[in-house]
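Here's the structure we're looking at; comments come further down.
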Amino acid sequence: MSATVTVGDTTVACAPEQTVLDALLRSGVWMPNSSNQGTCGTCKIRVRSGAVDHRTSPEATLPATERDAGFALACQATPCGDTVVERPRTDDGRDRDATHALRDLVGTVTEVRDIAHDTRRMLLTLDTPLEFSAGQYVELTVPGTGVRRQYSLANTPGEAKLLELHVRRRPGGVASDRWAFGTVAVGDRVDVTGPFGDFTFDAESTGPMVLLAGGTGLAPMKSIVRQALSLDPRREIVLYHGVRTAEDLYDSGFFRELEAQHPGFRFVACLSRESGGDREGYAPDAFVEDVASAKEYTGYICGSEAFVDSAVKACKRRRMSPRRIRREKFTPAT
Ligand code: FES
């Protein structure tokens, strides 16, 4: 049975089996979202009238007490008839009216290259351009499997037909190990859905920026940094890339070139398990050592859950306003 979902003064149609989040995003109606897997809680809505089927919403993210109180996960729940929902509050207090509409596209793999000992860069060319904001991600359907995996975009919105993805190998993984490090070939046709996520560059912000990236959390930062410098080539920006050893580093040459072109941009490679790079130790610690007060800064953080938690603490310790801290946690594939 088809249904409608209403949020604020906007009503959209929702097909059978379509989630609340999917229906809203495909209509260009913004709803906070991050993991799109039921694991982060970012899309937790309150159902004001009507009812939803919670389907596979995990108890860890949506406990029974919250279901009973009328909460639901928009990325998992499907409406049972016409339903009115309320948007959740966001971490940074931002509210937006519109987003780039979610779309299904097809791309062709045009390049696969090893860039670190367990990381590959994959380039795809889309048949039709994708509109997105710097920092967002797409879902790829691994050819021949139906398995979907999420990858942040390292290209800029100006390169709308190109997708640059950084893929870290996960031993035994269907997407990374068996496909991206196994059977993938130039010319593969791949289904792509996007864009997703609220980890986006704030084009209206001014003042200095700090970006803290753990591992392949560098991908969205590559997009954000270039977008920021295209708007203000002299903006004060520092990017910390945290990895374990020198063989995990990649794209350092690219960022060194940006340093040479932009006097306000600085790149700091941090190695936590050996000496070398620019700094020895954890990236958030290097930031705390370097910056006495981050009151005027806007922060962007992306990486594993542990990395993001530690980097958020570092930003708060240096008195960055929580409203100015944007973050993206990589969640393990479900
Ligand atoms: S739980 Fe729905 S976007 Fe994370």
Side-chain angles (χ1 to χ4, degrees), residues 5 7-8 12 14-15 17-48 50-80 83-96 98-104 132-133 135-141 147-153 175 192-200 217 219-220 300-309 312 325-334:
V5 176
V7 56
V12 304
C14 193
E17 301 300 309
Q18 189 177 21
T19 65
V20 170
L21 180 67
D22 195 85
L24 291 170
L25 294 185
R26 282 182 192 279
S27 300
V29 180
W30 176 65
M31 171 66 66
N33 71 97
S34 180
S35 71
N36 198 22
Q37 298 184 66
T39 51
C40 68
T42 305
C43 67
K44 199 175 286 179
I45 49 175
R46 187 188 281 270
V47 179
R48 283 294 177 195
V52 297
D53 177 351
H54 295 285
R55 302 198 310 160
T56 52
S57 300
E59 169 77 16
T61 320
L62 187 71
T65 49
E66 290 192 348
R67 290 178 196 217
D68 294 345
F71 289 96
L73 298 177
C75 70
Q76 304 298 309
T78 54
C80 311
T83 304
V84 179
V85 304
E86 188 180 294
R87 277 193 189 103
R89 287 173 59 84
T90 52
D91 280 347
D92 60 9
R94 283 185 302 150
D95 208 1
R96 289 186 287 163
T99 186
H100 301 294
L102 191 64
R103 296 171 60 206
D104 296 319
F132 68 98
S133 298
Q136 289 193 291
Y137 71 85
V138 294
E139 277 189 358
L140 260 55
T141 303
V147 170
R148 289 156 73 106
R149 289 289 183 268
Q150 304 172 330
Y151 297 100
S152 293
L153 297 172
V192 177
T193 301
F196 289 100
D198 289 333
F199 181 66
T200 54
Y300 297 85
I301 301 166
C302 185
S304 66
E305 185 164 359
F307 180 88
V308 170
D309 289 345
V312 168
I325 303 173
R326 298 189 173 190
R327 68 198 82 170
E328 179 92 307
K329 286 181 182 176
F330 288 158
T331 45
T334 51

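Every heavy atom of this structure was used, including side-chain atoms; hydrogens, water molecules and symmetry mates were not. Both ligands and their constituent atoms are indexed starting at 1 by order of listing.
In terms of protein heavy atoms, atom 1 (S) of ligand 1 is closest to G41 N, 3.2 Å. The nearest heavy-atom contact from the protein to atom 4 (Fe) of ligand 1 is C40 SG, 2.1 Å. When only non-hydrogen protein atoms are considered, atom 2 (Fe) of ligand 1 lies nearest to C43 SG, 2.2 Å.
Remark: of the listed residues V7, T78, V52, V52 is the sole one forming a side chain to side chain contact (heavy atoms under 4.5 Å, CB included) with T83. Partner of P79 under the side chain to side chain contact (heavy atoms under 4.5 Å, CB included) criterion, out of T19, V20, D53: V20 alone.
Within the listing of ligand 1, atoms 1 (S) sit less than 4.0 angstrom from a heavy atom of G38. Every atom of ligand 1 with a heavy atom of S35 under 4.0 Å away is listed here by number and element: 1 (S), 3 (S), 4 (Fe). Of all atoms in ligand 1, listed by their number and element, those nearer than 4.0 Å to a heavy atom of S34 are 3 (S). For ligand 1 and T39, the ligand atoms under 4.0 Å from any heavy atom of the residue are 1 (S). Within ligand 1, counting atoms from 1 as listed, the ones closer than 4.0 Å to a heavy atom of C75 are 1 (S), 2 (Fe), 3 (S).
Nearest to atom 3 (S) of ligand 1 by heavy-atom distance, out of T42, N36, L62, L21, is N36.
Taking the six-membered ring for Trp and the full ring otherwise, the centers of Y151 and Y137 sit at least 6.0 Å from each other.
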Notebook entry, point to check: R87 and I45: side-chain contact (heavy atoms from CB on, under 4.5 Å), yes or no, with the steps?
Noted result: CA-CA 5 Å; R87 277 193 189 103; I45 49 175; 5.8 Å; no
Step by step, work out the side-chain contact (heavy atoms from CB on, under 4.5 Å) result for S133 and H100. CA-CA 8 Å; S133 298; H100 301 294; 3.0 Å; yes
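With S35 contributing its side chain and Q37 its backbone, the two residues share a donor-acceptor pair below 3.5 Å. For Q136 (side chain) and G197 (main-chain N/O), a donor-acceptor pair under 3.5 Å exists by modelled atom type.
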